[in-house]
Every structure is written in structure tokens, then in C-alpha cells.
Amino acid sequence: MEKFKLDIKSRPRRLRRSAQILGLCAETRLAPADLIMPLFVAEGKNKSEKIESMPGQFRLSIDNLLKKCERLSGLGVPAVALFPQVNPKLKSEDAGEAVNPDSVQNKAIRAVKKRFPNLCVIADIALDPYTSHGHDGILNKKGDWILNDETVEVLAAMSLVAARSGADFVAPSDMMDGRVGAIREALDDCGFTDTAIMAYSAKYASAFYGPFREAVGSGRGRGGAGIDKSGYQLNPANSREAVKEALLDASEGADVIMVKPAGHYLDIISEVRSSVDLPIAAYQVSGEYAMVCAAAERGWIDFKKIRDESLISIKRAGGDMILTYFAESFAEDFSKK
Ligand code: PBG
């Protein structure tokens, strides 16, 4: 019998013949320089408290936070995003602690910038770690709606304090209307014209934030998504609205536009990418991280392969930088290659 042979000229598999050729033809590459490590900071000394639903992640006191930053910058990770766990006694209806220059968050920003001036520090700007109810803003009297403008006033004040503490970026993650413009104005009025704004522009009302809420203590119990933020965060059914938000934030003076979560929102990353010229940050959130860890612990998936595939997919979709809890472990393995 004659050997079966297709009469085709185009054989795309020629470019998949070796690791070398695959490398030459790769359209997307990922390096530690693309990554931002989110870190949780808490009061205390020599504290490194495990976060149950985020294996490998800890609430760190400032001394240990500095050790972590040293490790990360040694591995070539250029930036950290700080999130505070606030003592419940300091939480209140009006989130007063958010504007305290000596809050754990601001102390952490100062400490990191002092020791590692070249490490980029991104300060989260939102009220949820500081409110007794866990919402990102000030509640009305009836307790059924977050007050927009009253919240924005606090966010602008909070941004100023973070800028004074030395943050390179302030990153409003609250989804109030008009906050980017108000923050830009407040910063400029006080001379912080070089402090940049990373706007959480397309932040969805997602159940993937469950483990994060456990980490900062703003949720209700382990793993549970807790309170409903659909009155300000985006509806997962929508994509045009994400583009609208991105354009608004760009027009108000945002320097970087964020999409969050990342893995289930690749279409949004790609649409926002083609709608604005600013750099896009994508946030691979706590629930995305937790799912990979949980399945890998059971031996059902390969941790490193899924980690790398999930990250390269986000980059391919159009994310210029990625906030990810995998930053340290990715960078560790990258340095061994
Ligand atoms: C709150 C905030 C959240 C995250 C970052 N900032 C949670 C929320 O909106 O409830 C989630 C990050 C993650 O899940 O990793 N301002």
C-alpha cells in the first residue's frame, strides 16, 4: 500500500518542532518584571500568620514584610501592592482609620520605601479594611446604599496620606463614580503631581474575592464571598460597561487601568486593551489563586504548569502587568531557568 501523504504546503507544525523554534516563535513572554506581588500587612512584631484559604500567603508584620520585599526585589519583582489587616477595634462606620498617617498601611509604605527605594509600592485606596460593615464606602443611615460623594471625599484624603507616606501609585479599588478625578486633583493641589493612579476601572462584583476577604478580615468567614457589593462593582454579565468605566477613568487622569478578576475576564482585558492607550494591569485574584492551590494539593493538576499557563493567558489577552499571588513562586522558578 502506498504511504498516505497529504498534498498540503502549509504545515504549521514545522514551527513546533523544537523548544528552540517554539521559543523563537513565541508571541508572548512573561518575566518577573511583568508581575506585582500583593502582600498583606498587619500590626505586631515577627508575625507571619497563615491565611487558610490562600496557601503560601501570610499576614506579615512590618519587619517580616521587609524581609519579603527584600526577597521579591532580589528575584526581580518590581512592585508590591499592600493591603492592611486592620484591628477590629479601629474599624468604624466612617472609616476614620483610613486617613490616619500612622495606620499600619501607611507605616508599612514608609518602611518599605525607606529600605527599598527602588521597589514600586502600590497603596490600596478603599475603605473596606476600615469600615465596621466591610463595605468599600460610607453607608447611608438606612444601611442599604453606599454614599458616593461622601466616600470619594475620604478616598481623596486617604490618597494624600498614602502619597505623603511615599507610595508610587495610589490604587482606588472601590468603584465609586468620579474618584479618579477627585484623587488627581487632591494630589496635584498638594504637590504630588508625580504620584500615579492605578485605577481599578473594571472591577467586577465577583465571588472570586472570598479568600481575600478572609485575609483582611472584611468578609464573613472562610471562603465565603460575604457581603454584596453589586451596588458599586460591575455586573459580571457586562462588558460594554467595563469599556465605559475605563474611558471615564482615563479621561479623569488615570495612569494605569485595571481589570479584575483576570482569568475569567480575558475578554474584558482584551476589549479594554483595544479601547484605551494606557497600560493595562490585570489582577489575578485570591479565588483564582486558591482554586489552583486546592486542586494542586489534591494532585489533580500540575501547580507550576497551571500557574504559568494562567499567567501567560492574561498577558496574551493584553495585560501589560499582572497582580498575582504567584509572583514570588513564578520568579523563583524563573531565576532557576
Ligand atoms: C477591596 C478589595 C478587594 C480585593 C482587592 N481590594 C475585595 C473586594 O472588593 O471585596 C480583592 C483581591 C483579591 O481577591 O485577591 N477594596
Side-chain angles (χ1 to χ4, degrees), residues 35-41 51-59 80-86 91 95 97-98 103 105 122-131 133-139 146 151-152 154-155 158-159 162 167 169-176 179-180 183 197-236 245 258-265 281-294 310-311 314 319 322-328:
L35 305 180
I36 297 166
M37 180 78 181
L39 293 172
F40 299 104
V41 57
I51 300 164
E52 281 295 315
S53 52
M54 302 178 72
Q57 306 298 318
F58 303 87
R59 297 181 198 94
V80 295
L82 299 181
F83 296 96
Q85 184 205 30
V86 176
K91 298 191 185 202
E97 178 67 8
S103 68
Q105 173 82 334
I122 300 164
D124 186 57
I125 302 295
L127 304 188
D128 53 306
Y130 306 97
T131 51
H133 43 71
H135 275 293
D136 292 31
I138 310 284
L139 261 180
I146 296 297
T151 300
V152 170
V154 185
L155 295 174
M158 188 181 175
S159 300
F169 279 89
V170 291
S173 66
D174 55 289
M175 291 299 284
M176 296 303 127
R179 89 278 206 221
V180 171
I183 290 172
I197 300 178
M198 179 181 288
Y200 285 67
S201 304
K203 175 170 180 180
Y204 283 84
S206 171
F208 283 98
Y209 309 149
F212 174 96
R213 292 181 190 172
E214 181 206 328
V216 299
S218 72
R220 290 207 190 121
R222 190 179 162 196
I227 55 177
D228 178 11
K229 300 192 176 182
S230 58
Y232 40 105
Q233 299 177 346
L234 287 176
N235 180 352
E245 287 280 8
M258 195 193 297
V259 175
K260 174 187 176 189
H264 286 69
Y265 293 79
Y283 197 145
Q284 184 180 53
V285 300
S286 57
E288 299 178 72
Y289 175 80
M291 290 196 308
V292 175
C293 294
S310 67
L311 290 170
I314 294 165
I322 307 174
L323 291 96
T324 174
Y325 302 96
F326 290 131
E328 184 178 5

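Heads up: numbering here begins at 1 and tracks the sequence. When a ligand or atom number is given, it counts from 1 through the structure's own listing order.
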Q: Compute the minimum heavy-atom distance from Asp128 to ligand 1 and say whether it is under 4.0 Å.
A: yes
Q. So, does Gln233 sit close enough to ligand 1 that a heavy atom of it is under 4.0 Å from the ligand?
A. yes
Q: Show the numbers, then the answer: is there a side chain to side chain contact (heavy atoms under 4.5 Å, CB included) between Met54 and Phe40?
A: CA-CA 11 Å; Met54 302 178 72; Phe40 299 104; 4.1 Å; yes
Q | Option whose closest heavy atom lies nearest to atom 3 (C) of ligand 1, chosen from Tyr209, Tyr200, Tyr289, Phe212 | A | Phe212
Q. For ligand 1, which atoms, with element, lie under 4.0 Å from some heavy atom of Asp136?
A. 1 (C), 16 (N)
**Q.** Which atom of Ser103 lies closest to which atom of Tyr130, heavy atoms considered
**A.** OG-OH, 4.5 Å
Q. Which heavy-atom pair separates Leu323 from Ala81 by the least distance, and what is that distance?
A. CD2-CB, 3.9 Å
Q) Near Ser173, which atoms of ligand 1 are under 4.0 Å from a heavy atom of that residue? A) 1 (C), 6 (N), 16 (N)
Q: Can you sort out which atoms of ligand 1 are near Lys260, meaning under 4.0 Å from one of its heavy atoms?
A: 2 (C), 3 (C), 4 (C), 5 (C), 6 (N), 11 (C), 12 (C)
Q. What part of Asp174, side chain from CB on, backbone N/CA/C/O, both or neither, has a heavy atom under 4.0 Å from ligand 1?
A. neither
Q) To which of Ala215, Gly287, Ser286, Ala126 does the heavy atom nearest atom 13 (C) of ligand 1 belong? A) Ser286
Q) For Glu288, is the nearest heavy atom under 4.0 Å from an atom of ligand 1? A) no
Q) Do the ring planes of Phe326 and Tyr289 sit parallel (below 30°), tilted (30 to 60°) or perpendicular (above 60°)? A) tilted
Q | Per-atom contacts of ligand 1 with Lys229, taking only distances under 4.0 Å to non-hydrogen atoms | A | 8 (C), 9 (O), 10 (O)
Q) Between Tyr200 and Tyr283, what is the ring plane arrangement, given parallel below 30°, perpendicular above 60°, and tilted in between? A) tilted
Q) Do the numbers put Lys260 on top of the ring of Phe208, so that NZ or CZ is under 6.0 Å from the six-membered ring centre and no more than 45° off the axis? A) no
Q.
Quiz question: by atom type and distance under 3.5 Å, do the side chains of Ser53 and Glu214 form a donor-acceptor pair?
A. yes
Q.
Does Val80 form a side chain to side chain contact (heavy atoms under 4.5 Å, CB included) with Ile36? I'd like the steps, not just the answer.
A. CA-CA 5 Å; Val80 295; Ile36 297 166; 5.8 Å; no
Q) What atoms in ligand 1 come closer than 4.0 Å to a heavy atom of Tyr283? A) 12 (C), 15 (O)
Q: For atom 2 (C) of ligand 1, grab the closest protein heavy atom and report residue, atom and distance to one decimal in Å.
A: Lys203 NZ, 3.1 Å
Q: Determine, using heavy atoms of Tyr325 and all atoms of ligand 1, whether some pair is separated by less than 4.0 Å.
A: yes
Q) Taking atom types as modelled and ignoring hydrogens, do the side chains of Gln233 and Ser206 form a donor-acceptor contact shorter than 3.5 angstrom? A) no
